[in-house]
Each structure stands twice: as C-alpha cells, then as structure tokens.
Amino acid sequence: MPPGSVGQRLVACLLNISEARSTDIVEKVARAAIFDSKRGQRKGTTVLNIFNDHDYNRSVITIAARIDIIREAVLSACELACQLIDMQNHVGDHPCMGAVDLVPMYPLGEEVGLVECGKEARALAISLTERVPGTSVFHFGFADSPHHRGLAQRRKEMCWFQKDPDLEAIKPDVGKKFERRYGLTGVGASPYVMNCNVTIDTQDLAVGRQVARGLRESSPGGLPGVQVLALPHEGAVEIACNVESVRGAPPDGSWPSFRICGEQYCHAPASLITARVAQLAGEQGVGVKGTALVGFTPEECRGLAERALAQGIGEFWWEQRRLRM
C-alpha cells in the first residue's frame, strides 16, 4: 500500500472476555470499542470478528486500529466488560481468571514494533486499573519489561492453570485492591498469536492430554510456538492450541511468514497442526472430528483490517456475518 494509506501503523487486540452465553453482553462489549459514550463511531477503529464458545463461556473480540488510537477503544470495551461480567458467578470449561481475561496487542505489519506495542500495553494496563478500581493486571511478552516472559510462563506464575487458585496470594504487576468480581487480567504484546482448536473423537481427557504433550513446543518433536491444552468440549475433547509466531525464516514453504520492523517471523500452519494431532490421536486409536480457527491468521487479520478501515466499517464482524452465538 502507498505511504499514508490506512494500512500504516495498524495493530490488533484479541480481547478475551469471560462471557459467551449472553449475546447481549458480548455485543455490547464489542460495540463499546467502536462507539463512544454518545454513540458516535470512533473513526479508524473496527471490530473484525467475535468468536465465542458456549461450553468455555469465553469470547474473543478482534479489535483493529492504528496504535495511536486503539487504547481508548480497548479500554472502553474492558470497562464495560468489567461492569457486566461478575467472576464470582462465572462457570465455564476453559481456564480463566478475569472478567477481562486477556488483552494481547499485536503489530500488523512492518510499521509498528514490538517495543512500541509493549509500551502501549503497559499504558493501557495502568489506565484500566485507574478507571476500574479493583482490577489487577499481570504483564507478558514485550509489556513485561525487561524480562519479556511469555504468556504461558506468566500464566503459570499467576496460577492461571490451577482449578481453584488462591487469588489473594497472587501479586499482580499493576493494581492494588484486588476484587474477585473482576479477577485478574493479562495485558501484553507479542508477535501475532493464532488460535487453532482441533477436536478429537473421544471423551477421555487422558488421551487428550497425551496428544497435547506430544504437540506442544516444549516436548521432543513438538511444534515450535505451539502451546496446548486438552479440554472437554461438546461431548468430545478439544486440543486447544495457542500458535505463537516465532522469529526466523520458516522451516519449509508451508509455514506462512511476515515481517515486523524488518525481522522475519513465521507460524505453524493449521494444516500441519491438524495432521500432527491426527497422528498423535491415531496412535491412541482416536480420530479427528474437525479444526476451528479462532479469528484469523496474521495475514488475514491485516488484510481485513485494511479493508474494513478503508470502507469505514466499524461493525465488520456483523457485515461479514461472522458472529456465532
């Protein structure tokens, strides 16, 4: 695109909220990102997608805008989510700790760097705890300066994977007065993370965990950048994958790649993840039922953001009939 076009300095926030069973709440939170308090549309901001899961009781709202204006959009959505979602009453099969569970910021293309996204994420975290007293935040990725600890590590440190964590014992990075109704929010920045979920045809979580162990990056033969949970889902087991973008050239031609400020990144393709899950599950005598992407690949996200913003479409998810409740 030519200099000064809408595609310049774009970022995306894949806002994770702990609600999917109320259409009204999820839509209100999404629209808070693109309309101000007087119902005027925020110029240069769009919601590309809403992905939600009834069993998990979790939704992912994809917000895109220039980095200099995205903070207010995301904060408005977070503020409303905190008003409408009470973690003391939350029930769902997916691990979560906050009404706003995760606020990751991703650069879309060459024009915005990871350090800049990290600074923006830290400023957003401070503003959230000021606007909603009682909210608490932990940082990850490039918002976690100078350590740059990854999301999986920080979640483990915050007891996110525990069924009944002692929230009072957790020490957040931002926020003083902890309130259980809001829980704990992760705010960070990194290269784009794609979510790819593969359902295997069993109800045996032990089988799912065996598949997850063989797939995740930390295991011998695991896929680079892939973090995995095995969760009960719709009468089967879902192999839920966070697919992180990794620095460097792709290992083969099937891995999509992109650049951030001149550095090359790539990510494992959904087809490879599905094939590896099928192989690992097949070794346990179990088949694969299907694969679902949560939102978009990095390339799709940038392309759709440019298209939506060029056309001035704030409720892009609705225009494309992508809302699934």
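Since the structure is predicted, the reported quantities are computational estimates derived from the model, not experimental observations.
Between Tyr106 and Tyr192, the angle of the ring planes lies from 30° to 60°, which puts this pair in the tilted group.
Checked for salt-bridge contact, Arg149 and Asp144 meet the test: a charged N lies under 4.0 Å from a carboxylate O. Ionic pairing of Glu79 and Arg131 is present here: one or more N-O contacts between side-chain nitrogen and carboxylate oxygen are shorter than 4.0 angstrom. Using a cut-off of 4.0 Å between Lys/Arg side-chain N and Asp/Glu carboxylate O, Asp68 and Arg66 are scored as salt-bridged. Ion pairing between Arg21 and Asp55 fails under the 4.0 Å rule for side-chain N and carboxylate O.
Taking the six-membered ring where the residue is Trp, the centroids of Tyr56 and His233 are separated by under 6.0 Å.
Within 6.0 Å of the CD atom in Gln203, the count of heavy atoms belonging to other residues, nucleotides or ligands does not exceed 12.
Annotation: cation-pi pair Arg39/Phe35 present, NZ/CZ under 6.0 Å from the ring centroid and within 45° of its normal.
The NZ atom of Lys171 lies 12.5 Å from the CG atom of Leu184; values are rounded to the nearest 0.5 Å.
Of the candidates Glu110, Glu111, Glu116, Glu116 is the only one forming a side-chain hydrogen bond (donor to acceptor under 3.5 Å, both in side chains) with Arg9.
There is no path of hydrophobic side-chain contacts, each under 4.5 Å, that joins Leu223 to Val246. Residues Ile69 and Leu124 do not share a hydrophobic cluster, defined by chaining ILVMFWY side chains whose heavy atoms lie under 4.5 Å apart.
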